[in-house]
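Note that these values count all heavy atoms, side chains included, but never hydrogens, waters or copies made by symmetry.
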Amino acid sequence: MKFLTITKMNADPVLAARVGAGAAWSGVRDPQFWAAQNALRVYSLEGWADAYAASTVDPPGADETAITDQMIADAITLITQHDVHESPAS
């Protein structure tokens with residue numbers, strides 16, 4: 001378990017801004033709100049904590065070789081598709 005690393009990720013404003021930018025790029029409505037609401041889900045995905053912890057950049061959220069834009073885009077797609085399939089029918 002990597003709760004401490006996930007906690008550090010959650011406090012990284014650059015990483016949060018990158019996730020918000022990715023959500024905007026993906027067409028998510030109110031992307032900054034979405035990013036804030038889903039941050040822990042994103043950061044808990046497989047491989048994220050290890051990539052973040054391995055970075056030598058300060059803050060690690062600014063390291064595009066550790067947490068890549070593709071990782072962000074894939075996480076947004078995964079979570080938004082999961083939420084669509086899980087939401088109750090109107």
Quiz prompt | Under the side-chain hydrogen bond (donor to acceptor under 3.5 Å, both in side chains) test, residues paired with T65 that sit two or more places apart | solution =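 Partners of T65 under the side-chain hydrogen bond (donor to acceptor under 3.5 Å, both in side chains) test: D63.
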Quiz item: Taking only residues at least two apart or on different chains, which pairs with a member in residues 64-74 satisfy salt bridge (Lys or Arg N to Asp or Glu O under 4.0 Å)?
Solution: R18-D69
If you look only at distance, which donor and acceptor atoms sit under 3.5 Å apart when one is on a side chain in residues 4-17 and the other is two or more places apart or in another chain?
| unit_1 | atom_1 | unit_2 | atom_2 | d |
| --- | --- | --- | --- | --- |
| T7 | OG1 | F3 | O | 2.8 |
| D12 | OD1 | V14 | N | 3.0 |
| D12 | OD1 | L15 | N | 3.1 |
| D12 | OD2 | Y52 | OH | 2.8 |
| D12 | OD2 | G61 | N | 2.8 |

Listing, residues 25-39 side-chain donor-acceptor contacts under 3.5 Å, not counting sequence neighbours, or none:
| unit_1 | atom_1 | unit_2 | atom_2 | d |
| --- | --- | --- | --- | --- |
| S26 | OG | G22 | O | 2.9 |
| N38 | OD1 | R41 | NH1 | 2.9 |
| N38 | ND2 | W34 | O | 2.9 |

Exercise. Tell me, please, which residues at least two apart from D50 pass salt bridge (Lys or Arg N to Asp or Glu O under 4.0 Å).
Key: K2
Self-check item: L45: side chain to side chain contact (heavy atoms under 4.5 Å, CB included) partners, not counting sequence neighbours
Solution: W48, A75, L78
Self-check item: Smallest separation among heavy atoms of M71 and A66, with atom names
Solution: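 In terms of heavy atoms, the two residues are closest at SD-O, 3.5 Å.
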